[in-house]
Amino acid sequence: MVQSLNTKVDLTINATSFMGLNDYGKIMVGDKAFEFYNDRDTRKFIQIPWEEVDYVVASVMFKGKWIPRYAIQTKKNGTYSFSSKEPKKVLRAIREYVDPNHMVQSLSFFQVLKRNLGNLGKKRVK
């Protein structure tokens, strides 16, 4: 069994991890780390200490009414994507440990489209 990094747990909620294939499990937000534990396979877990978190990126739709998924971008190991039943609760719990200036919204569909259309006419320098 995996030893948790947290000494105090603020929130535990059902969630989905989008690392490769979808994994279903539980998210634990605590005083030391953000943790994801798979329901079926105990060897599949993700533990991210708060010191390692660089940004928390939330995909916001319909002016903040719906948050389908959020991602945690680490300083060294890349980005981990998650979704849960009540993402606002999770993001509020994360806000206790991560600087609110490091919690950002992802680009919308039209912002990505506008950026890519703007880059179409530019020449690439090799």
Side-chain angles (χ1 to χ4, degrees):
M1 188 69 188
V2 179
Q3 184 68 31
S4 175
L5 297 177
N6 294 319
T7 56
K8 185 184 82 144
V9 176
D10 293 339
L11 178 70
T12 303
I13 196 164
N14 289 333
T16 304
S17 169
F18 297 106
M19 294 299 301
L21 296 175
N22 295 350
D23 291 327
Y24 302 101
K26 297 213 180 296
I27 284 179
M28 288 175 49
V29 178
D31 59 343
K32 305 273 188 212
F34 178 92
E35 300 175 329
F36 174 82
Y37 296 104
N38 193 331
D39 282 339
R40 295 183 182 176
D41 190 359
T42 57
R43 294 174 293 155
K44 293 183 180 179
F45 62 93
I46 300 170
Q47 294 177 324
I48 306 170
W50 294 123
E51 301 86 40
E52 189 64 29
V53 174
D54 194 16
Y55 283 98
V56 178
V57 182
S59 176
V60 179
M61 305 239 175
F62 305 117
K63 298 180 183 174
K65 300 284 185 196
W66 183 44
I67 302 173
R69 65 179 62 188
Y70 44 91
I72 296 180
Q73 184 176 348
T74 62
K75 294 177 182 172
K76 296 179 185 174
N77 296 328
T79 305
Y80 300 91
S81 297
F82 301 96
S83 103
S84 59
K85 286 267 188 188
E86 299 179 40
K88 289 184 182 181
K89 275 188 182 180
V90 175
L91 292 172
R92 285 185 189 121
I94 291 172
R95 191 173 56 197
E96 298 290 322
Y97 303 104
V98 175
D99 182 22
N101 295 330
H102 285 252
M103 297 183 73
V104 295
Q105 288 185 14
S106 66
L107 295 176
S108 71
F109 172 75
F110 294 110
Q111 289 170 330
V112 171
L113 192 63
K114 181 180 171 184
R115 178 184 283 179
N116 289 335
L117 287 175
N119 290 337
L120 259 178
K122 295 181 182 176
K123 278 190 173 182
R124 292 186 186 160
V125 178
K126 291 185 181 180

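Between the side chains of Y97 and D10, a donor-acceptor pair is found at a separation under 3.5 Å. Side chains of D31 and T7: a donor-acceptor N/O pair is present below 3.5 angstrom, by distance only. Of the N and O atoms on the side chains of Y70 and S84, at least one donor lies less than 3.5 Å from an acceptor on the other residue.
The CD1 atom of I48 sits 10.5 Å away from the CG atom of L5 when rounded to the nearest 0.5 Å. Residue I67 holds its CD1 atom at 8.5 Å from OG of S59, rounded to the nearest 0.5 Å.
Proximity of a side-chain donor or acceptor of W50 to a complementary backbone N or O of I94 within less than 3.5 Å is not detected. Of the possible donor and acceptor atoms, one in the side chain of K75 sits under 3.5 Å from a partner among the backbone N and O of E51. With hydrogens and angles ignored, the 3.5 Å screen pairs no side-chain donor or acceptor of N6 with any backbone N or O of K8. For E52 (side chain) and Q47 (main-chain N/O), no donor-acceptor pair under 3.5 Å exists by modelled atom type. Judged by distance alone, with hydrogens and angles left aside, the side-chain atoms of N38 form no donor-acceptor pair with the main-chain N or O of G25 at under 3.5 Å.
Ring centroid separation for the pair F18 and Y80 does not come in under the 6.0 Å cut-off.
A 4.5 Å side-chain heavy-atom check between Q73 and V56 finds every atom pair outside the cut-off. Within the 4.5 Å cutoff, the side chain of D54 has heavy atoms near those of the H102 side chain. Between I13 and V90, the closest side-chain pair of non-hydrogen atoms falls below 4.5 Å. Put simply, the side chain of N22 does not reach to within 4.5 Å of the side chain of S17, judged on heavy atoms. Proximity of D41 to K44: side-chain heavy atoms (C-beta onward) are separated by under 4.5 Å at one or more points.
Minimum interatomic distance between N101 and Y55 (heavy atoms only, all atoms of both residues): O-CE2, 4.3 Å. The two atoms that bring S4 and E35 nearest to each other are OG-OE1, 2.8 Å, heavy atoms only. Taking both residues in full, the closest heavy atoms of L91 and M103 are given as O-CE, 3.5 Å, listed atom of the first, atom of the second, then distance.
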Test side chain to side chain contact (heavy atoms under 4.5 Å, CB included) on Y37 and M28; report intermediate values, then the result.
CA-CA 8 Å; Y37 296 104; M28 288 175 49; 3.7 Å; yes
